[in-house]
There are 2 protein chains.
Amino acid sequence: MLKITKRVEYALIAIRHLQENQDVLVSVSDISTAYGIPKEILAKTLQKLASSNIVKSYKGPTGGYKATKKIAKTTLNDFFEILEGPTAIMDCYFQDGCDHLNSCNIRTPINKINDSIRNLFNNLTLADISQ
Amino acid sequence: MLKITKRVEYALIAIRHLQENQDVLVSVSDISTAYGIPKEILAKTLQKLASSNIVKSYKGPTGGYKATKKIAKTTLNDFFEILEGPTAIMDCYFQDGCDHLNSCNIRTPINKINDSIRNLFNNLTLADISQ
DNA sequence: ATTATATACGATTATATTTGTCGTATATAG
DNA sequence: CTATATACGACAAATATAATCGTATATAAT
């Protein structure tokens, strides 16, 4: 449990690679072959990052991706939520569709754990974890 | 991603129920029916907690479980690891069997994230998240 | 203009993990 | 002796994640 997904893993690999090669455009294939990552998944992952301006995309032959200055300032929470949606350890007892809500006795602890994790990730940037 | 398992959820429900009923022995069936939890899974979960002395078990008819004083002092990390094994966001790039190790460029960030989470969970007890 | 190569993106399949069930053994109160 | 509780391993079902496939669009180079 509490695992990150391959998408997040691939995204981290990609942005670090882009940061180390800021002078050139890097294509999906470049990263895919360099790290042994399935091309299609990596492509979609970079598309998500591009739509949030974490990276910038350039179409056409000689196209590819570039790192942006936004990367360093991005929090882990934002990074995760761009790729995977809301950070939440449960999915979920306290929203619509929970048929246990009436007898639920763990609302407080679940919320406290969740708040702690979100607070942690909101106070860590991608720059913080890079060095 | 970063979800807790049902086992952890059920364990939380169970220990909170036991803490609220410290004067009596509570059986698996009691908790199972009260919260709509599958009996067999709950049983195994409580067996794990019992083998770590988080709860105490009593066999035979009129048997069941009781909360122990150890609960409040138990850290979230210990609680999670009793039920689910080592707390780690990846499984894993840096151990045996990783065929990407030579080209891995995310060792540092993964370790930093992992250390942060483990640090958080090691400094939160079950008592801390209860109120 | 045409071609080759890149990103963009929805639909589908494959795989892995999690969740739940079944069967059997052991302990013990009445 | 019997009924009811915990103990525990093996298996099956359900769900979530990962990967693939197909098609569209943009654009640099010829």
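Chain letters run A, B, ... following the sequence lines, proteins first and then strands; every chain starts at 1. Because the structure is a prediction, the values reported are computed rather than measured.
- The CG atom of A:Leu25 sits 17 Å away from the P atom of C:dT5 (whole-angstrom rounding).
- If you take CG of A:Leu42 and C1' of C:dA8, they are 14 Å apart, rounded to a whole angstrom.
- Rounded to a whole Å, the CD atom of A:Gln47 is 11 Å from the C1' atom of C:dA6.
- Judged by distance alone, with hydrogens and angles left aside, the side-chain atoms of B:Arg7 form no donor-acceptor pair with the main-chain N or O of B:Glu84 at under 3.5 Å.
- Note: NZ (A:Lys56) to P (C:dT7) measures 13 Å, nearest angstrom.
- Regarding contacts with the backbone of D:dA7, a side-chain N or O of B:Ser57 is found under 4.0 angstrom from either OP1 or OP2.
- For A:Tyr58, no side-chain nitrogen or oxygen approaches OP1 or OP2 of C:dT5 to under 4.0 Å.
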Sequence-aligned protein contact record of nucleotides 17-30 of chain C, with B where the base is within under 4.0 Å of a protein heavy atom and S where only the sugar-phosphate is
-SSBBBB---BBB-
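- For the pair B:Thr33 (side chain) and B:Asp30 (backbone), a donor-acceptor distance under 3.5 Å is present.
- Although no hydrogens or angles enter the test, the distance criterion places no donor-acceptor pair under 3.5 Å between the side chain of B:Ser57 and the main chain of B:Tyr65.
- Remark: the B:Asn119 side chain and the B:Ser116 side chain contain no N/O donor-acceptor pair separated by less than 3.5 Å.
- Remark: P of D:dT4 and CG of B:Asp30 are 14 Å apart, rounded to the nearest angstrom.
- Judged by distance alone, the side chain of B:Thr45 and the main-chain N or O of B:Ala11 form no donor-acceptor pair under 3.5 Å.
- In this structure, B:Glu81 contributes its side chain and B:Asp78 its backbone to no donor-acceptor pair below 3.5 Å.
- Judged purely by atom type and a 3.5 angstrom limit, B:Glu9 has no side-chain atom pairing as donor or acceptor with the backbone of B:Ile4.
- Separating the CZ atom of A:Phe80 from the P atom of D:dT17 is a distance of 14 Å, rounded to the nearest angstrom.
- For the side chain to side chain contact (heavy atoms under 4.5 Å, CB included) test with A:Ile54, the passing option among A:Leu83, A:Leu18, A:Thr74 is A:Thr74; the others fail.
- Panel note: side chain B:Lys3, backbone A:Ala88; a donor-acceptor pair is recorded below 3.5 Å.
- Taking atom CG of residue B:Leu49 and atom P of nucleotide D:dA7, one finds them 11 Å apart after rounding to whole Å.
- The rotation axes computed at either terminus of the helix from C:dA1-D:dT30 to C:dG30-D:dC1 lie 10° apart, taking five pairs at each end and rounding to 10 degrees.
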